[in-house]
Structure formats: structure tokens, C-alpha cells
Amino acid sequence: MPEDTQTNTPTAVYDAGAIEAKWQEAWDAADLFRARRDESKAKYYVLEMFPYPSGRIHMGHVRNYTMGDVIARYKASAGFSVLHPMGWDAFGMPAENAAMASGGHPKDWTYGNIADMRAQMKPLGLSIDWSREFATCDPEYYGQQQALFLDFMEKGLVYRKNAVVNWDPVDMTVLANEQVIDGKGWRSGAEVERRELTQWFFKISSMAEELLEALGTLDDWPAKVRLMQENWIGKSRGLQMVFPMSEPAHGLDGIEVYTTRPDTLLGASFIAIANDHPLAKALEKDDAKLAAFNAECRKSGTSEAELEKAEKQGYDTGLTVKHPLHEGETLPIWVANFVLMDYGTGAIFGCPAHDQRDLDFARKYDLPVIDTFFAMDDDTAVGTEAFVPPKTEKVRWVDQPAGVEVATGQEAIDATIDWAEARGLGTGKVQFRLRDWGLSRQRYWGCPIPVVHCEDCGVVPEKKENLPVTLPYDEGGKPIDFTVPGNPLDRHPTWRDVPCPSCGKPGKRETDTMDTFVDSSWYFARFTAPRAETPTDMADADYWMNVDQYIGGVEHAILHLLYSRFFSRAMQATGHLPAKCDEPFNALFTQGMVTHEIYQTHDDRGRPVYHLPEDVEVKDGKTVLKDGGQEVEVVPSAKMSKSKKNVVDPVSIVEAFGADTARWFVLSDSPPERDVEWTASGAEAAHRHLARVYRLATDTMAMEDGPGEDDDALLREMHKAIHDVTGGIESFGFNAAIAKLYAFTHTISRSKAGRDAKLQAVKALVQLMSPMTPHLSEELWAMLGAEGVVSRAPWLGAEGLVAQAPWPKADESMLIEDTITMPVQINGKRRAEIHVPREADKAEVEAIAMATDAVQKSLDGATPKKVIVVPGRIVNVVV
RNA sequence: GCGGGCGUGAUGGAAUGGUAGACAUAUCGGACUUAAAAUCCGAAGGGCUUUGUCCCGUGUGGGUUCGAGUCCCACCGCCCGCACCA
């Protein structure tokens, strides 16, 4: 063939850019991805966690949305009516921070970013119904959210109470936990104070039991996520009891404690109360030292991690309680920084021998350590390590209130609760770790809480016909100035000062906005009817809900998913979702991150300087800077982050290789639930493969008709590929499916089969690849002779598009092999391989194995004690 | 600190308790080419005075099993979450 033939034939070169633009236009023209309620079809709702509009998409997004797209496209070919929507989690701090840092308005910043990100996403060729797109900062969306809030309020699912926040006294603002660094405000550097504010709460704890129970029904959720939620909800049964005070003080004659280990009551050596316990607060008024101690404790942030990590500190109040069992003995009352007012009663008894925190505390302040039980075979007294065996382990008790001698911890706990209840010392109580959901945020860029405070009427809900309560854009005729410290809503007279909806007297709008978790707790329901005049449309919700497959990062395993589960129930209770929606997500998949190597050099002071992957090249086996050739240190892969500069921009990858290459690669190298490392060579290899498939298709088309060799073998491989790839997609084994597609491509290339058989195999290959590489597949599908162009809408039965072709089905009879190869082990070590007929029974397989030379040689005359035959799998001879 | 997860060649990884390393990268060799690129074919976990259906090998140390990367226990390392980041 003349050398220039290829370059003169445009179709012979894989031109991703041209192909992708062409088919995206065709899909658009056919309105192919519009979700339609079609009662004659089974529906499938696939959803990826919607993005925060930061302004740039990153590879993590590409991976997340590609996975969802593979499922969506596969399910569409499998005959489902698919809903695959996209929107924007658009409220939140970054917009406000940007406005503070560089002027501008959060609204403009956010909508600008959305436009940018949408433009970056469209070229990926995702089968998304863009007609349903919305942003949570659209008044049409948050207005409906306000309606939900009012309905929740009416149902008693919302209330107000005091709660502590991080207060920055210089910036005059509430700080998020992540904005508190070493106890100081991130911007001002001022020492953060804890401040109590009246805040809004959702009564999620009223559903704790239900949320826990229902985890058992979520069979298609990862077990780890269910376990994390179970531990987070944290149901425990313990004993609530009062320790009478030796002398009543500040109106208290006893301290009420809650313990999950009442069995260790006789190991108690002190009582510890939280800094915010009513007694501690009362005492600090007359005790300057205690006041100072409490003030010091309150300086730390409010996050649990910070409180737990802080050094255990205490202050002896000098007060005592009577020992509940030992007449005449007393226990001291300490204020301790590791006791949380939020959990139980805000007071505990310390049992140092069997709790590490209590032990650390006791050693520090020289309090007694009393062993109450020992291991079955060990009498060693507790030293610096508390003895905390599993509650299921039997131990020997030396001193036990209920008189237990040898029993497990759990048995002793139950016995002690019974014992205490019988004597009126306390009551068994079920307690949850789960706290109510504080939704108030003292910020501008969030959904306004639709209530008005009135001096006469109190807290008055806004009337529904006045919704949405929209955020003001201007202040005094000009866009709000965010460089002024404080909450703009708080200082905005025309927005804030409104008449009471009930009595009409002057009132003040609530200036708190909602936690952004509220926005993301029901967006999946809104997607089923995004333009409805009510939060949802019951008919649409009834058809589309629940989400059949939800995909997102494991970092949302607890909060977002738990809040969404709560919202579904609350929306049901208020008539916004049908009864089947207790659990909104039938199946959950948590995908891993995209990582990249980090390239660093050092400046003259030894501090690291990071370099972008595109500024680095490999020369003579060394990684060097393109500019100057300085060698760089290669740090192992980590999550892509701007600060480490180990980012690869999807836009530039799509420009260089095409969307199909990016899609193929992010799915190929790692199991979806694990991290995938982005490498330039891997991306190039992916692109090479797609070009190879393109060539394979054109070469096969160019073949001359005529008989070939082993057509049947190729077709058998084709059916195996259909079987394996289908199974891979169904089970989220995208990387395994892709490995199979690589292998199948090689099989076709090497096959000497005739044109008909090869064309059939290539068409199957193209179709099996289509969920991952839809544009290439569409191009080749058309080239390979599938009839028609895009001219008819899919619900009218468009044909000719690979996106519309029914998914191929493997012929089971073609999957069966006549002969099976089986390994033979001697004592678990592989020693031989045998070929047996498919239908051979165990005895026959054993006979064939024993008759094999290699087996006899390995046995070396020994007599087998036992022969294990696992049909189709393995033979193990035990001697 | 607490809760959850992960750990396999030089690298990413494959493997319903049943032949460890599929597939891919990097590397090396070969074909094609005047040459290079592209493309195609092939080698490859480590070891060895024994090249053998040999020995060792899935973070470390134990255990269960005819058989363990897979199940159990302990430890080490890394990652995620910890309620106002999204």
C-alpha cells in the first residue's frame, strides 16, 4: 500500500475532536438524554453527588460523572427510562470568602463559576438531562426549601435552643471549625471564644431509632458506610442515676450521671462534670480560679476532635458526693475538660481502672484506681493502661454491685441496671450519641430562614404566599459590600425590618441562613420535578424516586447521607414524598479520589517549591523541569490539590486527547472505590488504545470477503466478552470490564477469522465500549453499517445510534467449554495441571488427577489420606 | 483521642476461601524503516554452585482451614469522618 494512502483518507485517522463535537451535536439535536416519564418502561434514576461550583472541574469530577454516565448509558441500552440530572450545590462560604477577599458579590461569583463549569463539563459527553439543571441558590429552589422548612416547623420537627459557636471577636463573626486554627481565627489571628447563641435545630434525634433500624434494609450500601452511620447514631443502653451531694450546693442536692458501664460502679473514684454543667457555671461565680479554668477550657474550638485531643485537665471543686454503696465514703467532684455537656447528663463517674481517659486523669491528679474485675487468667492490677476487654469477654469480678462473680461485661451491665432499678438507685436508659441538627448559620450566602421575630407574637413563620424570602443583592442602592465585617443581613435595614406576618407591627426578619447541608438533603427529590410550583410533584416523585444508584465520595458517608435520610422521612411526614421514600438511595457507591505524583524542588531556605505536571518532563530516566532542566524530587501520589500543584486540568486533557480518552483512563486503572493515579503515560496509553480500536474497525471494513480460520473461536470470545463486560458494569467493576475489553481487542486483532465474523466481533466491541467511550463508539457504529442517522427522538424509537441500540446479550451456550483445565495441589501446593471433560464427576476427576505423571512423581510413593475435588476449580491431594 | 477503611512486582492494579500477579504503565529485546516516530511481535515477582511444574513471596507477627491476598487476633503505615468545609 502506498505510504500516503493513510494520510489521504481522513477516516483512517482517529480524530477525537471532530468525532466528539459531531456526536454531541447529534445527541443534542435528537434531545436524546431528556428524561421522560414513560409508564410502559421501568425507570432508572442514577445520580452523582452534585458539585460545588468552584469554577473549575477537576479529575475527581470527571471520574465521578463518568461512572454515573456509564451506568446511565448502560441502563438506557438495557431498556430503562433513565433519569440522569445535574445541578449545583451553590450556597456556601467560598463565595462569601471570595467576595471578602477581592470584592464582588457572591451571587455573581457563583453564577459565573456555574457557567464556566458547565462549559467545561459539556465536552465530556455525559448523558445528562440538562433541562432539569438548577442551582441551590436559585430563588425557585430555595423558596421551595423555605416552604419545606415551614411545613417541618408545623410538624414540630424544628425548634430553637442555645448552642455554642466559635466567635471571632476581631472579625465579629462566627467561624466554622475549619476556620479555627490552633484556637485562633484564620483571618484575624484572634483567640477564638465560645459564645452561646439561640439557634435553629432540626429534630433529627427524634428519628434516631428509625434511622438506625432502617440501615438494616440498605443492602446495596457499602457495609462500611452503614457501620459508620450506626456508630455515629450510637445507640447505647446505660444507667442514669443520682449521686447525692454530701452538702447541697447552689440548689442542687445531687449530681445526675449517665454511664454505659454501670457494672464498674464500685471502681468509681471521682465525679467529673462538664465546664458548661449548671453546677460548674454556678460555682465559677464565686470561685475565680474555677472561672479562670473554665475560661481556659472554653478557649479551645468547639470541634469534638479538638476537645478529645486536648490534654485531660481538671479542677477540684472541693465538693463531694456520697458514695452510693459505701456508707460514710465520699467521691470528689471535679470539673473536667473531656466531659461533654452535649452527651448524657454532662456528668460522669470516673472509673480509672477500666477507662483510659479516666485513668490518665486519675494518674495526673493522684486519684485512686480501683480494680473491679480481672482477666480470667491474670491478677495484675491496673498500672498505666486501663483494663478494657470487649464486653463479650468473660472476666472475674472482685467487687460488683449486683453481686456478679464470673460474667461478661454485657451480662454485668444488664445485671447492674436491674439491680439499680430494683433498689430505686437509678433507671436503665437508652441514649443516642446523635445530636439534633443545628442548621443556623450567621452568614449571608445561604437560604434565609423564613421567619419574622415580633415583640408581641414571638417567632412568626413567614406566609407561604410571600415565599421566596430572597436574599437582597443591594444595600442602599449599591451591591452589598462584603469587605465590611459582620453579616450583611444583620445590618440591612430594608431587608431586615419587616412587619410581623401575624399582627402587622414592625418586626425583624430572622437573619440566620440555613446550613448548606439542608440544600443537599433534598435536591435529589427536586430533580424529579425541578420546575414544580411546590417542593415536589407527587406523580413525578412517585415515578422516579428512589434514586436507584447514588455515587459520590466516602467523605459524605455520615453527615450528608444521614441528613438526606432524615429529610426523606420528614418530607414524607409533611406530604412531599410518597410512602416508599423512607430511604431515598436504593444503592450507594463511594468512589475513590484521583491522585497524582507531586513534583518539588526547594528554595534557598529549604522550603518546598511545587511544580505543575505540565512543567515537568522525564529525560534519561530523570524527572526534570522543562524550563532549565533542574531535577525535581518525585513525591508519591496524593489527592490532587492546588497547593501541591499536582493537578491535571480535565479541559487540557480533553483538548489534547478527547473526552473518550479521559473517560476511559479514569475508569481503567483502579477499582472505582479506590483512588486512581493519573499518569501522563497512562492517558497516552488510553488514547493509543482508542486509536487502535479505530484502526481495527477501519481495517476490518476494508477486508475482503472470504472464508477465514476459527470463526467460531472468535465468536466464542465475543460472547465471553459480552458476558464479562456486562457483569463488570453491573457490579461496578469498570476496571475489570476495561481489562477485558483490552484483551478482546487483542483477540480480534490476532484472529484470522473471516470478515463477517470479525465485523460481528468489532461491532460487539464498539457497543461494549460505548458507555465508556460514547463518541468513538457512535462514530464506529455508524461506520460499521448500523443504518440511519439521528433524526428521530429516542422515545419514538430512534435507531442507528449506539446509544439507542439494545445491549447485546451473551449466548450462554457459547460460554461453555468442553474441556476444563484444573490445577492439582499436593498439600496445598500446585504440582500439576489436568484437563478434564466438562461433565466429569468428582470420581472421574480424581482418577485423572491420580493418573497424572507429575502427581505420582510429587507423591513419591506416599498414599493420599484424602483427596478434595472442587468441580471446575481445583484438586487437592492431602498426604 | 474516637469511629471507619486500605496495604499485592519497578508502578497502577487482577484474583465467588481454590493455579497470586489478568489488564495496563515503565523497562528490555525483536520486526518494519535509509533513519526516527508510529505500528506490530515478544520477555519480564525475587532467588539459585541444583534452572527444577525447585525454593521464597500479597505491610509485620500469630491463628483458623485440605487450601488464606481473601476469614480471625495483635501491631505498623497511610487515607476518610468527627456534627459551622463542601
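Letters A, B, ... are given to chains in the order of the sequence lines, protein chains preceding strands, and every chain is numbered from 1. Any value given below was found using the heavy atoms of this structure, including those in side chains, with hydrogens, waters and symmetry copies removed. Computed from a predicted structure; not experimentally measured.
- A:K857 comes within contact range of the sugar-phosphate backbone alone, with a heavy-atom separation under 4.0 Å but no base atom that close.
- Minimum atom distance to the side chain of A:V870 is reached by B:rG18, of the listed B:rC84, B:rG4, B:rG18.
- Under the 4.5 Å side-chain criterion, counting only non-hydrogen atoms from C-beta, A:E817 is in contact with A:K720.
- At the phosphate of B:rC2, neither OP1 nor OP2 sits under 4.0 Å from any side-chain N or O atom of A:R357.
- In the set B:rU53, B:rG4, B:rA86, the nucleotide with an atom closest to the side chain of A:D89 is B:rA86.
- Look at A:T516 and you'll find a side-chain N or O under 4.0 angstrom from OP1 or OP2 of B:rA86.
- The side chain of A:N231 contributes an N or O atom lying less than 4.0 Å from OP1 or OP2 of B:rG4.
- Residue contacts shown for A:F338 are absent, as no nucleic acid heavy atom lies under 4.0 Å away.
- Side-chain N/O atoms of A:R873 and base N/O atoms of B:rU16 include a donor-acceptor pair closer than 3.5 Å.
- With a 3.5 Å ceiling on both atom-pair distances, the Watson-Crick or G-U wobble partner of B:rG1 is B:rC82.
- In this structure, the CG atom of A:L307 is 11 Å from the C1' atom of B:rC82, given to the nearest Å.
- Within 4.0 Å of A:Q442, counting heavy atoms only, lies at least one base atom of the nucleic acid.
- When both pairing distances are held under 3.5 Å, B:rG57 makes no Watson-Crick or G-U pair with any nucleotide shown.
- Contacts of A:G234 with the nucleic acid, taken as non-hydrogen atoms under 4.0 Å apart, are absent.
- One can place CE of A:M822 at 17 Å from C1' of B:rU53, the figure rounded to the nearest angstrom.
- Proximity note for A:S670 (side chain, C-beta onward) versus B:rA86, B:rC84, B:rG12: the nearest is B:rG12.
- For A:S188 and A:D171, the side-chain atoms include no donor-acceptor pair closer than 3.5 Å.
- Separating the C1' atom of B:rG17 from that of B:rU70 is a span of 7 Å, rounded to the nearest Å.
- In this structure, A:A685 reaches the sugar-phosphate backbone alone: every heavy-atom distance under 4.0 Å involves primed, P, OP1 or OP2 atoms, never a base.
- Looking at heavy-atom distances under 4.0 Å, A:I868 makes contact with a base.
- One finds a side-chain N or O of A:R695 lying less than 4.0 angstrom from the OP1 or OP2 phosphate oxygen of B:rC40.
- For the atom pair CG (A:D436) and CG (A:L434), the distance works out to 7.5 Å, reported to the nearest 0.5 Å.
- Listed pair A:R441 / B:rC84 meets the phosphate criterion, a side-chain N or O lying under 4.0 Å from OP1 or OP2.
- Considering only side-chain N and O atoms, A:R692 lies under 4.0 angstrom from the phosphate OP1 or OP2 of B:rC40.
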Review point. For A:R750 and A:E717, what are the C-alpha separation, side-chain angles and deciding distance, and is it a salt bridge (charged side-chain N to carboxylate O under 4.0 Å, His left out)?
Key: CA-CA 12 Å; A:R750 284 168 207 164; A:E717 287 300 325; over 6 Å; no

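- Of the candidate nucleotides B:rG67, B:rG13, B:rA22, B:rG13 has the atom nearest to the side chain of A:P671.
- At a threshold of 4.0 angstrom between heavy atoms, the contacts of A:R226 with the nucleic acid are absent.
- OP1 and OP2 of B:rA20 both lie 4.0 Å or more from every side-chain N or O belonging to A:K829.
- The partner of B:rA68 cannot be assigned: no Watson-Crick or G-U wobble pair with both contacts below 3.5 Å exists in any strand.
- Following rounding to the nearest Å, A:I558 (CD1) and B:rC84 (P) show an atom-to-atom distance of 13 Å.
- Closest approach of A:P53 to A:I114, counting heavy atoms only: CB-CG1, 3.6 Å.
- Nearest to the side-chain atoms of A:E304 among the listed nucleotides B:rC23, B:rC80, B:rC82 stands B:rC82.
- Residue A:N735 places no side-chain N or O under 4.0 Å from the OP1 or OP2 atom of B:rG12.
- By the rule that a glycosidic angle within 90° of 0 means syn, B:rG9 counts as syn.
- Atom CG in A:L307 sits 9.5 Å away from atom SG in A:C297 (nearest 0.5 Å).
- Between B:rA37 and A:R688, no contact under 4.0 Å exists linking OP1 or OP2 to a side-chain N or O.
- Judged by distance alone, with hydrogens and angles left aside, A:R674 brings no side-chain donor or acceptor close enough to the base of B:rC6 to form a pair under 3.5 Å.
- A donor-acceptor contact closer than 3.5 angstrom is absent between the side chains of A:N735 and A:S668.
- Base pairing annotation: B:rA43 forms a Watson-Crick or G-U wobble pair with B:rU27, both donor-acceptor distances under 3.5 Å.
- Atom CG in A:D168 sits 9.0 Å away from atom CD in A:Q179 (nearest 0.5 Å).
- A distance of 11.0 Å separates OG1 of A:T745 from NZ of A:K740, quoted to the nearest 0.5 Å.
- A:P222 comes within 4.0 angstrom of nothing in the nucleic acid, heavy atoms only.
- Closest contact between the side chain of A:L559 and the listed nucleotides B:rC82, B:rC84, B:rA26 involves B:rC82.
- The residue A:V878 sits close only to the backbone: its heavy atoms come under 4.0 Å of sugar-phosphate atoms, none of a base.
- Among the heavy atoms of the strands, none lies under 4.0 Å from A:S668.
- Nearest to the side-chain atoms of A:P823 among the listed nucleotides B:rG18, B:rU19, B:rA24 stands B:rU19.
- Within 3.5 Å, no donor on the side chain of A:Q356 pairs with an acceptor on the base of B:rC2, nor the reverse.
- A:G92 comes within 4.0 angstrom of the backbone, heavy atoms only, and of no base.
- For the pair A:H556 and B:rA83, the criterion of a side-chain N or O lying under 4.0 Å from OP1 or OP2 is not met.
- Comparing B:rC75 with B:rC82, their C1' atoms are spaced 25 Å from each other, to the whole Å.
- Among the protein residues, A:V165 comes within range of the nucleic acid bases, having at least one heavy atom under 4.0 Å from a base atom.
- The side chain of A:R830 lies closest to B:rU53, out of B:rA86, B:rU53, B:rC23.
- Of the candidates B:rA24, B:rC84, B:rC80, the closest approach to any side-chain atom of A:Y742 belongs to B:rA24.
- Across all strands shown, A:Q229 has no heavy atoms under 4.0 Å from either base or sugar-phosphate atoms.
- Here the two rings, on A:Y742 and A:F744, have centers that are 6.0 Å apart or farther.
- Taking every side-chain heavy atom of A:V174 into account, B:rC84 is the closest of B:rC80, B:rA83, B:rC84.
- The base-pairing partner of B:rG7, taking Watson-Crick or G-U wobble contacts with both distances under 3.5 Å, is B:rC76.
- Atom name C1', nucleotides B:rA44 and B:rC78: the rounded distance is 30 Å, in whole Å.
- Base engagement by A:K309 is indicated by at least one non-hydrogen atom pair under 4.0 Å involving a base atom.
- A donor-acceptor contact under 3.5 Å is not formed by the side chain of A:E178 with the base of B:rC84.
- Taking atom CG of A:L434 as the reference point, atom C1' of B:rA83 lies 9 Å away to the nearest angstrom.
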